[in-house]
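So that the names make sense, note that chain A is the first sequence line, chain B the second, and so on, each numbered from 1.
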4 protein chains.
Amino acid sequence: MPIVSEEYKEEKKEQILDSAFECFAKKGFQTATMDDIVAHSGMSKGAIYNYFSSKEEIYLDLLTRATDKNFVQYNKHFAKHRTASSKMDYLFNAYLSANPIDRNRLEYIVVFYEFNLHSTRDPDLLKQLHDRKRKLVSLVNDIIQEGQEQGEFKQDLASELYAERFWTIIDGVNLHAVYDDFPYYDVLRELKDMYLQELKSE
Amino acid sequence: MPIVSEEYKEEKKEQILDSAFECFAKKGFQTATMDDIVAHSGMSKGAIYNYFSSKEEIYLDLLTRATDKNFVQYNKHFAKHRTASSKMDYLFNAYLSANPIDRNRLEYIVVFYEFNLHSTRDPDLLKQLHDRKRKLVSLVNDIIQEGQEQGEFKQDLASELYAERFWTIIDGVNLHAVYDDFPYYDVLRELKDMYLQELKSE
Amino acid sequence: MPIVSEEYKEEKKEQILDSAFECFAKKGFQTATMDDIVAHSGMSKGAIYNYFSSKEEIYLDLLTRATDKNFVQYNKHFAKHRTASSKMDYLFNAYLSANPIDRNRLEYIVVFYEFNLHSTRDPDLLKQLHDRKRKLVSLVNDIIQEGQEQGEFKQDLASELYAERFWTIIDGVNLHAVYDDFPYYDVLRELKDMYLQELKSE
Amino acid sequence: MPIVSEEYKEEKKEQILDSAFECFAKKGFQTATMDDIVAHSGMSKGAIYNYFSSKEEIYLDLLTRATDKNFVQYNKHFAKHRTASSKMDYLFNAYLSANPIDRNRLEYIVVFYEFNLHSTRDPDLLKQLHDRKRKLVSLVNDIIQEGQEQGEFKQDLASELYAERFWTIIDGVNLHAVYDDFPYYDVLRELKDMYLQELKSE
DNA sequence: TATGAATGAGGGTTCATTCAT
DNA sequence: AATGAATGAACCCTCATTCAT
């Protein structure tokens with residue numbers, strides 16, 4: 001079988017990551033075992049270790065990819081939007097349109113935030129976390145500044161601080177999504193209105 | 001025929017919980033071992049198992065107590081405040097006055113949110129989490145309704161939804177506190193202003 | 001059972017070391033598994049790890065103890081001997097009287113020399129090996145110099161070099177003891193005669 | 001209908017053995033992995049298994065060849081020497097002229113003696129070891145007997161025992177060569193003198 | 001109550017060998 | 001003949017929990 005295409009290998013990696021994600025989602029990173037991933041993926045243990053050198057690496061790759069995918073998606077969409085307002089709208093809507101009680105989404109949220117908290121204890125991971133956070137804040141900050149330049153948004157607003165506020169809100173809402181009676185949509189929409197109202201010039 | 005008093009036992013339990021908290025904070029629940037707790041507490045393993053029947057129980061007790069302490073504290077303080085406004089103020093200030101870069105506080109945040117996410121996977125724990133959440137929402141909801149009745153706050157506001165929004169904001173801010181460059185104070189204050197402005201009658 | 005005397009613990013350690021030795025003897029350090037040692041000792045795996053933190057540590061302790069025991073034995077016996085000659089005699093006889101086809105002795109030899117060769121690849125172990133070697137050479141060197149001072153031995157002899165020669169011979173003979181048809185006794189006796197003859201003043 | 005010539009195959013085998021030796025030298029037989037050999041040789045895993053059926057077989061072949069090469073070399077050289085004395089001289093000099101601190105030589109020594117000790121535990125290997133030893137002893141025994149017949153050496157000397165003594169010395173010296181401060185040359189020369197002096201007729 | 005030695009299932013990882021291509 | 005991905009038994013070690021003292 002050997003001498004196999006890069007795509008084949010990439011596909012295998014994805015397969016492993018998919019299985020790993022489900023296992024981490026179901027049990028958490030620490031509690032999920034390599035045997036779980038083996039069982040779920042249907043591969044052999046050795047095969048998995050051919051693609052990833054440790055359970056931790058799988059975890060990292062999983063989260064890095066998710067993050068990267070997000071960024072790519074954002075940037076792709078932003079290209080289609082002309083105004084800063086519509087970009088902000090798009091960002092909010094990305095979360096507003098997410099089905100809050102979708103099993104997969106909840107699992108993703110739990111795994112994702114667990115990873116963030118976990119990273120808190122490892123300087124290397126914390127560094128990555130910071131970088132990612134900075135990029136996210138920049139993403140929004142850029143939009144706000146663009147809006148300010150275009151006269152869409154208030155001029156006298158600390159744009160970076162306001163960008164931070166955006167992610168604070170998003171993370172707050174996401175976190176509460178794990179409560180199945182959380183009025184996700186309503187709360188987020190009101191927060192969106194509140195946020196945009198203050199942002200936009202009267 | 002208990003040989004030792006209840007107070008003695010309670011004291012011992014607190015001692016264990018303190019040590020356990022530090023261990024969980026430093027390494028996380030899964031990674032911290034009973035041996036860590038033994039070493040930190042200076043007690044013997046058997047002694048600890050006399051007071052708690054498992055590591056999980058320690059974890060649970062720890063978080064339950066923290067939550068309870070919070071409630072007691074809130075209620076104690078609310079008794080001193082006359083108006084709903086001042087109660088809301090107190091709540092926000094409880095978080096505004098917290099030193100966001102205090103090591104202990106950060107550790108507490110991490111352990112606390114990890115526990116929440118962890119609880120997601122266990123129906124019993126999730127139930128507890130829900131109850132706690134409901135109580136927190138009620139706490140704020142009661143204040144808002146009180147304020148509405150007193151004419152302090154807008155009448156046409158969905159009070160419970162607004163209460164949910166409060167905790168969403170708080171959790172968002174708390175979560176971001178783990179980033180050492182997060183402008184915790186500024187973001188929270190602005191969110192507070194935004195929140196209260198909309199709440200109060202013009 | 002806990003709170004146990006130091007002797008008890010030392011005894012346990014010895015027990016483990018005994019089992020480990022037999023396993024290493026039978027299969028070699030790398031090939032012998034912790035499960036082998038567990039099975040042979042009749043203890044649980046955890047128990048063994050309570051006394052030694054790794055398989056390597058067991059190996060090291062085993063060899064260190066053997067070496068130390070040897071030194072103690074030598075020094076104890078030297079105290080009884082008055083002349084340098086009789087000390088040299090004692091040393092040679094220690095090896096001459098060893099039963100060359102004794103199973104235990106052969107196993108010991110194999111394990112011991114394997115350890116030496118193994119140590120070659122680890123700077124720390126190599127250092128220990130060197131130290132041990134230096135002590136052994138000193139031991140003989142001291143005797144030779146004592147003999148020279150007393151007029152028993154030739155004056156114009158490089159004592160340290162001659163001490164090195166002693167251990168070279170011993171190790172050579174030991175190594176050959178693994179061949180069951182090796183005329184251990186005869187070869188060693190002749191080498192002894194040859195060695196002492198050149199050492200002693202005419 | 002072999003596609004490739006025997007020479008080609010032999011060449012490949014040598015290539016593998018060379019790589020294997022370096023790996024075994026660097027890490028030891030047990031610790032060196034097939035992947036190490038693969039990496040070092042630049043061949044594929046499958047290719048190596050086409051030439052050798054197991055790691056053990058590589059090890060065996062390696063050592064057998066080394067031994068055989070030695071014998072061929074000895075016999076080739078002996079053909080050039082007329083007297084038994086000069087043959088003994090040659091043998092000693094083969095070791096005296098070896099650079100005792102040559103990295104390669106030390107590695108060879110370690111691998112070689114490790115193999116001997118390893119063989120101790122496998123009846124088949126032990127048999128091979130014995131045969132080799134017997135051949136080595138015969139080699140020297142023949143020389144001594146030749147010398148005795150020619151009147152070069154003492155008549156009343158147990159030639160085989162004396163041959164055994166030769167290899168005992170050589171192995172002792174070799175073994176000590178792993179200590180970088182071992183006065184290899186001096187010790188061996190003195191042992192040689194001692195050995196030959198007793199061998200030769202006065 | 002307190003002690004800490006003992007237990008042993010189970011964890012992550014390795015690696016000689018196989019075999020489809 | 002050559003490739004290297006796949007296999008899975010086996011390895012060393014951990015650790016929550018138990019229990020004799």
Carboxylate-amine/guanidinium contact K13(C) E57(C), below 4.0 Å: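 No, this pair does not count.
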Test: R103(D) and E22(D) ion pair at under 4.0 Å: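 Result for this pair is no, no salt bridge flagged.
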Can you figure out which of dC12(F), dA6(F), dA6(E) approaches the side chain of T33(C) most closely?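 Of all the options, the side chain of T33(C) is nearest to dC12(F).
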Base, sugar-phosphate, or nothing: which does S54(D) touch, judged by heavy atoms less than 4.0 Å apart? sugar-phosphate
Below 4.0 Å: OP1/OP2 of [N] and any side-chain N or O of [X]:
| X | N | answer |
| --- | --- | --- |
| Y51(A) | dG4(F) | no |
| Y59(A) | dG12(E) | no |
| K12(D) | dA2(F) | yes |

The criterion is salt bridge (Lys or Arg N to Asp or Glu O under 4.0 Å); which residues satisfy it with K26(C), sequence neighbours excluded? none
Please give, in whole Å, the distance from [N] [atom2] to [X] [atom1]?
| X | N | atom1 | atom2 | value |
| --- | --- | --- | --- | --- |
| I58(A) | dT13(E) | CD1 | C1' | 12 Å |
| D35(D) | dT13(E) | CG | C1' | 14 Å |
| D36(C) | dA10(F) | CG | C1' | 11 Å |

Does any residue of residues 42-50 of chain A have a heavy atom under 4.0 Å from DNA chain E, and if so, which ones, in number order? K45(A), G46(A), Y49(A)
Is there a residue in residues 18-28 of chain D whose heavy atoms reach under 4.0 Å of DNA chain E, and which residues are they? none
Pair pattern of DNA chain E in dot-bracket, where unpaired bases get dots and | marks partners in another strand, Watson-Crick or G-U under 3.5 angstrom: .||||||||||||||||||||
Kindly state each residue pair satisfying salt bridge (Lys or Arg N to Asp or Glu O under 4.0 Å) with at least one member in residues 111-129 of chain B, sequence neighbours excluded. E114(A)-R121(B), R121(A)-E114(B), K127(B)-D131(B)
The criterion is ring pair (Phe, Tyr, Trp, His ring centres under 6.0 Å); which residues satisfy it with F24(A), sequence neighbours excluded?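 In terms of ring pair (Phe, Tyr, Trp, His ring centres under 6.0 Å), with neighbours along the sequence ignored, F24(A) is linked to F29(A), Y59(A).
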